[in-house]
There are 2 protein chains.
Amino acid sequence: MVARSTQARPAGRKDARRNYERLLTTARTAFAEHGVGASLNDIARTAGVGNVTLYRHFPTRQALLEALLGESLRGLKARSDELLASPSPHQALATWMTAAVEHAMAYRGLVDALVNSLADPTSELHATCQAVKAAGAQLLTRAQHAGTIRPDIDASALFSLIASAAWAAERTPAYRDQLLAVMIDGLRRRTDEPM
Amino acid sequence: MVARSTQARPAGRKDARRNYERLLTTARTAFAEHGVGASLNDIARTAGVGNVTLYRHFPTRQALLEALLGESLRGLKARSDELLASPSPHQALATWMTAAVEHAMAYRGLVDALVNSLADPTSELHATCQAVKAAGAQLLTRAQHAGTIRPDIDASALFSLIASAAWAAERTPAYRDQLLAVMIDGLRRRTDEPM
DNA sequence: ACCTGAACACCGTTCAAGT
DNA sequence: ACCTGAACACCGTTCAAGT
């Protein structure tokens, strides 16, 4: 298990640390306003920093996202651990899926970045997304073992489902709960064939 | 009902018509290769045409997409009409949803464009997407009337669901059928509460 | 009427220097 | 060590002219 901390706040020169923090807070507001596609040059400019300084600290956009969201996303693992102790495996999975969708909607366009990074081992977000997927896998297999969730679904399919819900909910927020309800219901193991 | 034909092939000067056709075929292969985000300047260049010529024929990227896909997308309306005559309202909806997902996956990134255009009345794709949504609505309400589909879903939610399936399937094609199966199953009206 | 090449303001990325 | 401003090759869009 290679769970090394990605919280690598630089401990070097004082101005370097100051620039690092300024970039993070500027990026946070820029992403919140313009989505994850916000101009990086713009972020550097409003942070009062040369653009190359931004690139040195965060070589890619995904590195910046990891620095901003890694901690929160890794919180989904802790949430999963908690829920594993709850009485209803089915309800635990549903609750966690809802939380995961919320996390993936932190910024406009974020879901795309998350899904892309899961498919790209060189992405700085890759390990984080894999951890989220693994956290979901625990709850999924427990619910499958309990017999309430269809057994043909694997962790990757669950991740895709959550991502697609977040993607749609980002565009039509009014339908967020309904879309999630449909998907969670669709995961239920079929016991009847009435139609 | 404002269903005027959008097949407005220009009937003016001969070179204008030739450029129009060249742009269409070039755009088709460019979108197929690079997704709907393909460079428009590049398309004009390889079509052997000035970039402004492209913009005159197709003021926006969505206008180009409409010219390329409008006919095929409007085919979903015809398909819906056919399926309205089929014996099983439930199966008819499921079949049409599958077809709609396939249509939305014609080019990489297309689903995004379709969903955006549905929310934007000024888009050249707007009317086409609304027609698709309306086609789905017919099958939806028939199935709801038959009692097999949950009654709280409306046409917009169905469109969101189809779009999200297409979005996810574009990234993880191996799960396409499974994601669709989950969603279609989730639309089923709940008759039991076993859990 | 319809066309084209060049310009414009952007983008992410990389350069050559500065202290 | 760490920084910056300027350059590079792109993008979509618009310009001033051409025939």
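Here is the naming used below: chain letters follow the sequence lines, and residue numbers restart at 1 for every chain. The analysis underlying the following values was restricted to heavy atoms, covering all of them including side chains, and did not include hydrogens, waters or symmetry mates.
A donor-acceptor contact shorter than 3.5 Å links the side chain of A:Ser80 to the backbone of A:Ala135. One N or O on the side chain of B:Arg150 and one on the backbone of B:Gly186 form a donor-acceptor pair closer than 3.5 Å. Under a 3.5 Å cut-off, the side chain of A:Gln178 and the backbone N or O of B:Asp152 do form a donor-acceptor pair.
At a threshold of 4.0 Å, the pair B:Arg171-A:Asp112 counts as salt-bridged, since one of the basic side-chain nitrogens sits closer than that to a carboxylate oxygen. One finds a salt bridge joining A:Arg79 and A:Glu82 here, because a Lys/Arg side-chain nitrogen approaches an Asp/Glu carboxylate oxygen to under 4.0 Å. Between A:Arg74 and A:Glu66, at least one side-chain N (NZ, or NE/NH1/NH2) sits under 4.0 Å from a carboxylate O, which counts as a salt bridge.
Straight-line distance from the CG atom of A:Leu40 to the P atom of C:dT14: 12 Å, rounded to whole Å. Nucleotide D:dG5 holds its P atom 14 Å from the CG atom of A:Leu54, rounded to whole Å. Here C:dG12 presents its C1' atom at 14 Å from CD of A:Gln62, a figure rounded to the nearest Å. Note: NE2 (A:His34) to C1' (C:dC10) measures 14 Å, nearest angstrom. As rounded to whole Å, 14 Å separates atom P of C:dA9 from atom CZ of A:Arg45. Look at CZ on A:Arg18: it is 14 Å from P on D:dC2, rounded to the nearest Å. Between the CZ atom of B:Phe58 and the C1' atom of D:dT14 there is a distance of 19 Å, given to the nearest Å. Rounded to whole Å, atom P of D:dC10 lies 10 Å from atom CG of B:Asp42.
Contact check, B:His57 against C:dC2: no side-chain N or O comes under 4.0 Å of OP1 or OP2.
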Handout entry: Pair pattern of DNA chain D in dot-bracket, where unpaired bases get dots and | marks partners in another strand, Watson-Crick or G-U under 3.5 angstrom
Key = ||.|||||...|||||.||
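Side-chain proximity of A:Val52 to the nucleotides D:dT14, D:dG5, C:dC11 is greatest for D:dG5. Comparing D:dC11, C:dT4, C:dC11 by their closest approach to the side chain of B:Val49 singles out C:dT4. Closest contact between the side chain of A:Asn51 and the listed nucleotides C:dC11, C:dT14, D:dC3 involves C:dT14. Distance from the side chain of B:Arg56 is smallest for C:dC3 among the nucleotides D:dG12, D:dT4, C:dC3.
Between the side chains of A:Glu21 and A:Thr25, not a single donor N or O lies within less than 3.5 Å of an accepting N or O.
Taking the P atom of each, D:dA7 and C:dC8 are spaced 16 Å apart, rounded to whole Å.
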